[in-house]
Amino acid sequence: QKEVEQDPGPLSVPEGAIVSLNCTYSNSAFQYFMWYRQYSRKGPELLMYTYSSGNKEDGRFTAQVDKSSKYISLFIRDSQPSDSATYLCAMSLYNFNKFYFGSGTKLNVKP
Amino acid sequence: NAGVTQTPKFRVLKTGQSMTLLCAQDMNHEYMYWYRQDPGMGLRLIHYSVGEGTTAKGEVPDGYNVSRLKKQNFLLGLESAAPSQTSVYFCASSYSNLEQYFGPGTRLTVT
């Protein structure tokens, strides 16, 4: 069983829609939860990170962690064509040395 | 300020050949990482370093070696390439060990 599971998509939505991206995980010891965005043929870039449970908002993006369900989400409000990319979730134990990534969800926002 | 750079960008090897991938960062980061990214598998950690002169194994270290002789450089070596090592390789660096900055990737094909 993979440590982190993520639906690969693709997910296709119209411009302006609210997008929900999700990951589940199996290791209850994960403490830090991250979302990366990866454009085609580029390296990933960090969007947001959260520690333990709860919500965190940054502009149009909201990250949510539910440790009791081992489930994390990224919500994108008012989605734009420029949001079209692959979104990767990642998790880390307390010592940060190793990060565990989901396989990524490909998002396409249609104008 | 170039960030994280990787050399080369593309490479084709024959089975059994060797090569070295170079990662360089100009942000004075302590932590550096090598990942491979395969379809449906996400990013998997090969080796990492928490400082100059240190290296440690990640999730998939077999068939690879690394060296961190200088703080700004992290080298990934393949001593005897195999077709299973066909992948996109990403290097990353980090100051706080939470926010990783990724390079543009190296596309390696082993025939």
Side-chain angles (χ1 to χ4, degrees), chain A residues 1-10 21-27 30-52 56 58 61 63 65 72 74 85-107, chain B residues 2-10 21 23-25 27 29-51 54-61 66 68 74 87-108:
Chain A
Q1 184 190 2
K2 285 186 189 177
E3 298 263 17
V4 182
E5 298 278 359
Q6 187 175 9
D7 187 332
L21 302 165
N22 311 296
C23 288
T24 59
Y25 62 95
S26 56
N27 190 344
F30 285 139
Q31 296 285 342
Y32 292 87
F33 303 90
M34 291 144 276
W35 285 96
Y36 284 81
R37 178 174 62 196
Q38 185 176 22
Y39 291 113
S40 181
R41 294 187 171 262
K42 301 285 187 186
E45 54 178 335
L46 182 67
L47 271 177
M48 300 178 68
Y49 68 87
T50 54
Y51 171 69
S52 197
K56 186 173 183 180
D58 185 1
F61 299 89
V65 175
I72 69 169
L74 178 71
T86 296
Y87 290 80
L88 300 147
C89 62
M91 303 172 192
S92 172
L93 302 172
Y94 69 94
N95 61 1
F96 302 127
N97 287 344
K98 294 184 181 180
F99 294 81
Y100 299 85
F101 283 81
S103 55
T105 299
K106 189 168 184 179
L107 171 67
Chain B
V4 179
T5 57
Q6 291 183 232
T7 309
K9 289 186 169 51
F10 303 92
L21 282 69
C23 176
Q25 53 95 2
M27 297 174 282
H29 287 168
E30 288 292 338
Y31 304 95
M32 296 187 76
Y33 309 82
W34 274 108
Y35 292 90
R36 59 178 290 173
Q37 187 174 37
D38 303 291
M41 299 293 290
L43 285 160
R44 291 182 292 168
L45 183 64
I46 304 171
H47 286 280
Y48 65 97
S49 168
V50 299
T54 74
T55 63
K57 293 180 181 180
E59 186 183 353
V60 288
V66 288
R68 183 105 182 263
F74 195 27
S87 188
V88 181
Y89 292 86
F90 287 101
C91 174
S93 72
S94 174
Y95 175 73
S96 67
N97 208 8
L98 184 61
E99 182 169 359
Q100 296 181 70
Y101 293 82
F102 283 82
T106 294
R107 294 182 175 274
L108 175 66

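Protein chains get the first letters and strands the later ones, always in sequence-line order, with residue 1 at the start of each.
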- prompt: Measuring heavy-atom distances to chain A, does B:Tyr101 have an atom under 4.5 Å in its side chain, in its backbone, in both, or in neither?
  reply: neither
- request: Salt-bridge test for A:Asp58 and A:Lys56: reply yes if a basic N is under 4.0 Å from a carboxylate O, no otherwise.
  value: no
query: If we ignore angles and hydrogens, is there a donor and acceptor under 3.5 Å between the side chains of B:Asp38 and B:Ser87?
result: yes
task: Please look at B:Gln6 and chain A and tell me whether the side chain, the backbone, both or neither of the residue comes under 4.5 angstrom of a heavy atom of that chain.
output: neither
task: Please identify each residue that fulfils side chain to side chain contact (heavy atoms under 4.5 Å, CB included) with B:Pro61, with sequence neighbours left out.
output: B:His47, B:Lys57
query: Is there a donor-acceptor contact under 3.5 Å from the side chain of A:Gln6 to the main chain of A:Gly104?
result: yes
- prompt: Given a strict heavy-atom distance threshold of 4.5 Å, which part of B:Arg44 is in contact with chain A: side chain, backbone, both, or neither?
  reply: neither
query: Which answer fits A:Pro8, side chain, backbone, both or neither, if we ask what part of it has an atom under 4.5 Å from a heavy atom of chain B?
result: neither
task: Quick one: list whatever passes side chain to side chain contact (heavy atoms under 4.5 Å, CB included) with A:Glu45, sequence neighbours left out.
output: A:Arg37, A:Tyr39
message: Given heavy-atom pairs under 4.5 angstrom as the criterion, report whether the side chain, backbone, both or neither of A:Gln38 touches chain B.
response: side chain
